[in-house]
Amino acid sequence: TGALVEKREIPMYYMKITAYADELLAGLEALPDWPERVKAMQANWIGKSFGVRFAFRYELPADQVGGSTPPPPAGRGAGGEGSVPGTPPEKGLLWVFTTRADTIMGVTFMAVAAEHPLAAHAARSNPQLAAFIDECKRGSVMEADLATIEKKGMPTGIFVTHPLTGDKVEVWVGNYVLMGYGEGAVMGVPGHDERDFAFAKKYGLPIRQVIDVNGQSYSTDAWQPWYADHGSCVNSGKYDGLDYDRAVDTIAADLNALGLGDKQVLYRLRDWGISRQRYWGCPIPIIHCDGCGDVPVPDDQLPVALPEDLVPDGSGNPLAKTPAFVECACPKCGKPARRETDTMDTFVDSSWYYIRYACADQNDAMVDKRVGYWLPVDQYIGGIEHAILHLLYSRFWTRVMRDLGLVGFDEPFTRLLTQGMVLNEIFFRKTDSGRIAYFNPADVDVKAGDDGARRVTLRADGQPVESGGIGTMSKSKNNGVDPQALIDEYGADTARLFMMFASPPEQTLEWSDSGVEGASRFLKRLWHFAHEFKEAADAGGNGQDAPAASTADPQLSEVRREIHKVLQQADYDMTRHQFNTVASAAMKILNALERAPQVSDHARHAVLAEGLGILLRLLAPITPHICHHLWRELGYGEDILTAAWPQPDPQALVADEVELVVQVNGKRRGSIRVPQDASRAAIESIAVADGAVRKFVAGQPVKKVVVVPGRLVNLVV
RNA sequence: GCCGGGAUGGCGGAAUUGGUAGACGCAGCGGACUCAAAAUCCGCCGGUGGCGACACCGUGGGGGUUCGAGUCCCCCUCCCGGCACCA
């Protein structure tokens, strides 16, 4: 994996996921059975953008190059060169990336990240700037925080030369510029970028309009959203009049001719830092030797085992404080050396555990041939919170294993179902020491007090607890629900039915156990109905043959039609994983069977036997225990798992007459019954003749008639 | 802030492609059975007006497209998930 893991700066190890950015993006198209929302999130996360990478020249006068501080290391792709005192003035290139090269003539300042070499350089002779840079570096690196912080900046006193105008432009340090994206430097075009506009207003920098959109009038007083739209160049010299595409092409060509840049594709995706300063996780198998450098732990010493006798004290990485773990011999020279104490992000393990499942007993290799039989995973199910990170890392990891010849497929998960989160109320108390203690909802009583206000107390001591609102069930908030309580009281099948019936799995759900009674009631009804049916039946008569098509009783035919209609819908719902309506279909079928007319003959028996057989098979995936038992007890077969999935009988679905809703001007005004094969003209005349309808037509001429076969007639007057 | 998703009766939810809004269930109300209760069974159950027939309103808010919008388009509000060291 040497080519795939890269060590950067001092403590971080990275996976080079960016090397697969394009393939990971393109691969989404080969996943038709993944939810669109997950693919959209991944595509945006990878964030492929087309733009221009180009450079501003700068020369640093010798008097700005001072001190004995060693030059900063060049950042990734950054053009800043180290200073060498005593040589002629510094020459360097400040590289930037932009998706809006058409606005290049509107550049009025430059902004670099606090970590940028140019910032470090300027800070050496400017303590105020050094303090600002420190402040920026201390701030959060989380994107969500960066996006909401106040945009601040400070000038460096360094000027760079605009490659096309030759103008001098001052370089600022901005707390909103990310070193990890692009070049760690951006061009400031306040005329057409909202963030730059605010920055320029705040620090009194010039704002220039260089894009015109349909001749709208431009003012530097306030930002207008259209300022960021594509348009045509103005106030841009030779580029005036060019539209976005032509301006970008021309400007990129000009920069290229100057040797100062060209078009470039950039990804938002960053490499994956896997170092963690934690005890749990896989140790990174590297030994640091003063003489030999960083040496991989030899195969015969793997795996590096975590010590099992240390007690974390809550500060720092406990491994680093365990000499028995750290101190070791260099595998190359045998001299004393230090073992790496960083462990891997747990996402590393979760990226391939499912592959290892196929050959968990394989002790001589990572995987073996059995992987080819079992993988890729046909149906993966996981929470929507994994839409990006886990699922993207797994797709990356699979490709790495493929390129190493370990697996023969690109994508780990063929079909994906992402559950919505289950939410529950959070209860807590602040302890004397100021920490927060969370209490499980099962241990809390919620009652209405005498004044009607809600009173929440801990059952153990009767004292109040506070509510922290509704949130995702989590270990840290202790607001999960153990289904065991439901299982103890109602049985596992009732617990399953209740949960499947509550909502479709992809949807967010606020937990409540009200309604579990209904699930229990339904299963009892099913049980009793099945046993009554069995007792009434002649011994040994319960086949699952379809009833004779000539079911004479029209009421029985209606029952059968209802059952097959419900089955048709449930069959579709099953394919789209809408299990709550499959459960509902089972209830509808039982309702229909209970309503079946009490005519005691073979036809009735056949309809009930068929309907019950359909019901049991529909319900078996949801409540396997009771369905398996009844299937066998009623003589349908030995094992419901081997039974075929029920199919609707097209014959049963045919009705002689259909009911059509009649609308006047789109409002429901009545309904009519027409023969199943009635012509459009016949339907129209029946509809117009309907009493309720006539009232609303009230003699007005009918301008238009819309007939939706099998559904409705709409008369437009 | 950015990306993705959501909002429908007292509650969970249904309505595949625009075509009867509220299926199915919970809770509630009324009734049967019972000495009584539980269990079970039957009926009612979006809002307003009306004795009623019925009418009008109604799918987070505002606008639009359409014969017809919960569904499509534009704008807005609130809620949930993710934002790279919780995993």
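In what follows, every heavy atom counts, from backbone to side chain, and hydrogens, waters and symmetry copies are set aside. A note on names: the letters A, B, ... follow the listed sequences, proteins ahead of strands, and every chain is numbered from 1.
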Discussion item. What's A/Trp280 touching, base or sugar-phosphate or nothing? Going by heavy atoms closer than 4.0 Å.
Written reply: sugar-phosphate
Worksheet item: Would you say a side-chain N or O of A/Asn714 is under 4.0 Å from OP1 or OP2 of B/rG19?
Response: no
Worksheet item: Are OP1 or OP2 of B/rC3 and a side-chain N or O of A/Arg268 less than 4.0 angstrom apart?
Response: no
Item to complete: Hunt down the Watson-Crick or G-U wobble partner of B/rA27, both distances under 3.5 Å, from any strand shown, or write none.
Response: none
Worksheet item: Syn or anti: how is B/rG9 classified when any glycosidic angle within 90° of 0 counts as syn?
Response: syn
Worksheet entry | Atom-to-atom span, CD of A/Gln663 to P of B/rG19 - whole angstrom | 11 Å
Practice prompt. Consider the side chain of A/Ser584, meaning its heavy atoms from C-beta on, and name the nucleotide among B/rG19, B/rC24, B/rC80 that approaches it most closely.
Written response: B/rC24
Worksheet item: Does anything in residues 489-498 of chain A pair up under salt bridge (Lys or Arg N to Asp or Glu O under 4.0 Å), and if so which pairs, sequence neighbours excluded?
Response: A/Asp493-A/Arg496
Practice prompt. Look at all strands and tell whether A/Ser476 reaches a base, only sugar-phosphate, or nothing, counting heavy atoms closer than 4.0 Å.
Written response: nothing
Worksheet item: Looking only at side-chain N and O atoms, does A/Thr472 come under 4.0 Å of OP1 or OP2 in B/rG81?
Response: yes
Discussion item. Counting the atoms with a prime plus P, OP1 and OP2 as sugar-phosphate, which does A/Ser350 contact under 4.0 Å by heavy atoms, base, sugar-phosphate, or nothing?
Written reply: nothing
Fill in: Counterpart base for B/rC56, defined by Watson-Crick or G-U wobble contacts under 3.5 Å
B/rG47
Item to complete: Round to the nearest Å and state the distance from A/Asn479 atom CG to B/rC80 atom P.
Response: 13 Å
Discussion item. By the 4.0 Å heavy-atom rule, please label A/Gln578 as base, sugar-phosphate, or nothing.
Written reply: sugar-phosphate
Discussion item. At 4.0 Å (heavy atoms only), tell me whether A/Val661 reaches a base, stays on the sugar-phosphate, or touches nothing.
Written reply: base
Worksheet item: Which is true for A/Arg276 with a 4.0 Å heavy-atom rule: it touches a base, it touches only sugar-phosphate, or it touches nothing?
Response: base
Worksheet item: Under 4.0 Å between a Lys/Arg side-chain N and an Asp/Glu carboxylate O for A/Glu517 and A/Lys524?
Response: no
Discussion item. Under a 4.0 Å threshold between the charged nitrogen and the carboxylate oxygen, would A/Asp22 count as salt-bridged to A/Lys48?
Written reply: yes
Discussion item. Under 4.0 Å, counting only non-hydrogen atoms across every strand here, what does A/Lys667 touch: a base, just sugar-phosphate, or nothing?
Written reply: sugar-phosphate
Worksheet item: Once the angle between the rings of A/His390 and A/Phe347 is folded into 0 to 90°, is it parallel (under 30°), tilted (30 to 60°) or perpendicular (over 60°)?
Response: parallel
Discussion item. Quick test of your reading of the model: are A/Asp345 and A/Arg276 salt-bridged, counting only N-O distances below 4.0 Å?
Written reply: yes
Practice prompt. Under 4.0 Å between any heavy atoms, over every strand shown, what does A/Arg669 touch: base, sugar-phosphate, or nothing? Just pick one.
Written response: sugar-phosphate
Discussion item. Under 4.0 Å from OP1 or OP2 of B/rC41: is there any side-chain N or O of A/Arg521 that close?
Written reply: no
Item to complete: Would you classify A/Ala502 as touching base, sugar-phosphate or nothing, given that sugar-phosphate means primed atoms plus P, OP1 and OP2, and contacts are heavy atoms under 4.0 Å?
Response: sugar-phosphate
Discussion item. Going by side-chain hydrogen bond (donor to acceptor under 3.5 Å, both in side chains), A/Glu558 matches just one of A/Arg561, A/Arg560, A/Gln555. Which one?
Written reply: A/Arg561
Item to complete: Could you check how far NE2 of A/His390 sits from P of B/rC86, rounded to whole Å?
Response: 17 Å
Worksheet item: How is A/Trp45 classified with respect to the nucleic acid when contacts are heavy atoms under 4.0 Å: base, sugar-phosphate, or nothing?
Response: base
Discussion item. Any base atoms under 4.0 Å from A/Glu510, or only sugar-phosphate, or nothing? Heavy atoms, all strands.
Written reply: nothing
Item to complete: Identify whether any heavy atom of A/Leu509 sits under 4.0 Å from a base atom; if not, whether one sits that close to sugar-phosphate; answer base, sugar-phosphate or nothing.
Response: sugar-phosphate
Discussion item. Need one value for A/Met41: base, sugar-phosphate or nothing, where a base atom within 4.0 Å counts as base even if backbone is also close, heavy atoms only.
Written reply: base
Worksheet item: Paired with B/rC2: which nucleotide, if any, by Watson-Crick or G-U wobble criteria at under 3.5 Å for both distances?
Response: B/rG82
Worksheet entry | Watson-Crick/G-U partner (both atom distances under 3.5 Å) of B/rU66 | none
Fill in: Paired nucleotide for B/rA7 [Watson-Crick or G-U wobble; both distances under 3.5 Å]
B/rU77
Worksheet item: Does B/rC85 have OP1 or OP2 sitting under 4.0 Å from an N or O in the side chain of A/Gln277?
Response: no
Item to complete: With sequence neighbours left out, write down each residue that passes salt bridge (Lys or Arg N to Asp or Glu O under 4.0 Å) with A/Lys477, or none if nothing qualifies.
Response: none
Practice prompt. Find the distance A/Asn44:CG to B/rG5:P and express it as a whole number of Å.
Written response: 10 Å
